[in-house]
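Data block below; observations after.
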Amino acid sequence: MPARKRKLLPSAQLCEQLNATPKQMQQKTTRAEGGDRDEAQGQEEHHSQYFASNDENGARLRFNFFNQPCVDLARAFLGKVLVRRHCSGAELRGRVVETEAYLGGEDRASHSAGGKRTERNAAMFMKPGTVYVYPIYGIYLCMNVSSQGDGAAVLLRSLEPLQGQDVMRKLRAAKRRDCARALKDRELCNGPSKLCQALDIQRCFDRRDLAADTEVWLEDSEGETPGTREVVSAPRIGIESHGEWATKPLRFYLRGHACVSVVNKEAESKLDVTAKSHQATT
């Protein structure tokens, strides 16, 4: 007789259970047993100082934003604000200052190179705006967002912390040694795994819809935009073994920003030469 299959919880529900505090679990039990009684009544609501609450948020970016070619989306992400509604009630916010484009197909550095589809990279083949979270070194996570094109996605490399830095610092400290020094704001999210730790992006966020999710989403920025800084195009990080694709300028960052993970002086010099050449012909 075949063994009965266990019913798997949806990823959002699983995350909710894993993140729930004892008090939150007690509140849920009370509501279930006592009808409409709300044990959370009177708790302070945490609203963003930058934008309205998510339910009435006109700044939130929807499907049309994500529905563009991978390179275009990687550049369009710069200056936008990633928002994470944490289980503590805090809203954690960071401005995107660095991304990488992974084109799928012939891109040998992509997890979907050659059109390879697996259970792990399925999110890369889903509709634009789908979150793709994968582990590296067995302990760290990276967050990507799918774009147009089969198997194409954008890696979020670095953020500038805007709100919730104290919570971010605690989340980062939980993964560091007790004797480690306190992190500066610019060090909280200046790397793909660091930003996942700081915003508590978990593996079960994989395949969520960034255009519709209630715990993580993207907003337009009222502050700095790529138009106020030059965008540098440079080779991607950590893919040296992938031949010619290791040198393609598919990493994009805001020049001069303190939160960029790795500065490429050669790419910036080329940008200066191009700018001078353009000025000479105008």
* Asked: Any donor-acceptor pair under 3.5 Å linking the side chain of Tyr253 with the backbone of Asn264?
  -> yes
* Structure fact -> Between Leu159 and Leu82 the two heavy atoms that sit nearest each other are CD1-CD2, 4.1 Å
* Inter- and intrachain pairs under side chain to side chain donor-acceptor pair (under 3.5 Å), touching residues 133-142, at least two apart -> none
* To do: Cation-pi check, Arg236 to Tyr102: give yes when NZ or CZ is under 6.0 Å from the six-membered ring centre and within 45° of the ring axis, no otherwise.
  => yes
* Are any side-chain N or O atoms of Ser261 and backbone N or O atoms of Gly191, one a donor and one an acceptor, separated by less than 3.5 Å? -> no
* **side chain to side chain donor-acceptor pair (under 3.5 Å) against Glu119, all qualifying residues, sequence neighbours excluded** => Arg207
* Asked: When hydrophobic residues are tied together by side-chain contacts of less than 4.5 Å, even through go-betweens, does Met143 share a cluster with Leu155?
  -> no
* Between the side chains of Arg75 and Ser233, does any donor sit under 3.5 Å from an acceptor? -> yes
* Asked: Taking only residues two or more places apart in sequence, or in another chain, which ones meet Arg169 in a salt bridge (charged side-chain N to carboxylate O under 4.0 Å, His left out)?
  -> Asp166, Asp185
* Structure fact -> Those residues at least two apart in sequence (or on a different chain) that pass salt bridge (charged side-chain N to carboxylate O under 4.0 Å, His left out) with Lys270 are Glu266
* Output yes when a side-chain donor or acceptor of Arg203 lies under 3.5 Å from a complementary backbone atom of Val133, and no otherwise. => yes
* Structure fact -> For Leu271 and Val231 the tightest heavy-atom approach is CD2-O, 4.0 Å
* Could you tell me which non-hydrogen atom of Cys196 sits nearest to which non-hydrogen atom of Leu141, and how far apart they are? => SG-O, 3.5 Å
* Asked: Charged N to carboxylate O under 4.0 angstrom, Arg255 versus Asp272?
  -> yes
* List in chain and number order the residues that pass side chain to side chain donor-acceptor pair (under 3.5 Å) with Ser269, two or more places apart in sequence or in another chain; answer none if no residue qualifies. => none
* **Any residue meeting salt bridge (charged side-chain N to carboxylate O under 4.0 Å, His left out) with Glu106, in chain and number order, not counting sequence neighbours** => none
* Asked: Do side-chain atoms of Ser193 reach the backbone of Cys142 as a donor and acceptor pair under 3.5 angstrom?
  -> no
* Within the distance-only criterion (no hydrogens, no angle test), does the side chain of Arg62 pair as donor or acceptor with the backbone N or O of Ala211 below 3.5 angstrom? -> yes
* **Side chain Glu187, main chain Lys184, donor-acceptor under 3.5 Å** => yes
* To do: Just grab all the salt bridge (charged side-chain N to carboxylate O under 4.0 Å, His left out) pairs involving residues 138-159, residues at least two apart or on different chains.
  => Glu98-Arg157, Glu100-Arg157, Arg117-Asp150
* To do: List for me each residue that meets side chain to side chain donor-acceptor pair (under 3.5 Å) alongside Gln148, sequence neighbours excluded, and say none if there are none.
  => Asn67
* **Under 4.5 Å side-chain linkage, directly or through intermediates, the cluster mates of Val262** => Ile237
* May I ask you to say whether Glu219 pairs ionically with Arg93, meaning some side-chain N is under 4.0 Å from a carboxylate O? => yes
* **Residues forming a side chain to side chain contact (heavy atoms under 4.5 Å, CB included) with Ala153, sequence neighbours excluded** => Met124, Asn144
* Asked: Side chain of Ser146, backbone of Thr130: donor and acceptor closer than 3.5 Å?
  -> yes
* Asked: Quick one: ring pair (Phe, Tyr, Trp, His ring centres under 6.0 Å) partners of Phe125, sequence neighbours excluded?
  -> none
* Structure fact -> Applied to residues 120-138, the salt bridge (charged side-chain N to carboxylate O under 4.0 Å, His left out) test, sequence neighbours excluded, yields Lys127-Asp209
